[in-house]
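Below is one structure, written out as structure tokens; the observations come after it.
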Amino acid sequence: MASNKAHHATGWAAGVIAAALVAHAGAGGPYQIVSFLSFVAGVLGGTAPDWLELAWWSRRRRLWITHRTWTHWGIAWLGLLAYAYLALPSQFWAAPLFGFACGGVMHLLADWPNPLGVPWIAGRHSLKLWKSGRCDLIVVTAAWLTAGLVADHVFFQNVHAHKALAFVRALPACS
Ligand SMILES: [Zn+2]
């Protein structure tokens, strides 16, 4: 896995993305309470594929599901994500579920580049970019960049993205 720290850091980003998308779908509820719930669920979901396979109820906390098999199954997480998103307008529980799924998908993306890979469909696939725990900074930065863009789009109508783009365009190398 990407290191636990990286999963926490990207999980928070997933929470932000989920909250923004829930708000965007108009399912934020009174005072965006539901958005906030989906944020919390996103943080939980960010580490879920790893704690779901731990027998956390037993004292020895052994793995009861082989590491990176069922709890890291891409189809299940993406399916959950789509299902929850479609239910957003009509069901109040869909928002936290959507957040949880966002966290899970983010977790798989963070695990993807290292050699063990992720079973997206059947059999593991790895981007083979770096070893586990290495380059966490890239993973975390990418996650937060995405979160920033999504939140910017939903809450600020891309103001910050436009400013950043203008800044890059103004750089000598790009003009
Ligand atoms: Zn994992």
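Whatever order the structure lists ligands and atoms in, that order sets their numbers, starting from 1. Numbering of residues begins at 1 and proceeds along the displayed sequence. Both backbone and side-chain heavy atoms feed into the values below; hydrogens, waters and symmetry mates do not.
Among the atoms of His72, an N, O or S atom falls under 2.8 Å from the Zn ion (ligand 1). The distance from the Zn ion (ligand 1) to the nearest N/O/S atom of His107 is under 2.8 Å.
Using cut-offs of 30° and 60° on the angle between ring planes, the pair Phe36 and Phe39 is tilted. Ring geometry, Trp112 versus Trp120: the interplanar angle exceeds 60°, so the pair is classed perpendicular (tilted spans 30 to 60°).
For the residue pair His107/His72, the side-chain donor-acceptor check at 3.5 Å is satisfied.
Shortest distance from the Zn ion (ligand 1) to Asp111 is reached at OD2 (N/O/S atoms only). For Asp50, the N, O or S atom with the smallest separation from the Zn ion (ligand 1) is OD1.
The only member of Trp77, Tyr85, Phe92, Trp93 that meets ring pair (Phe, Tyr, Trp, His ring centres under 6.0 Å) when paired with Phe98 is Tyr85.
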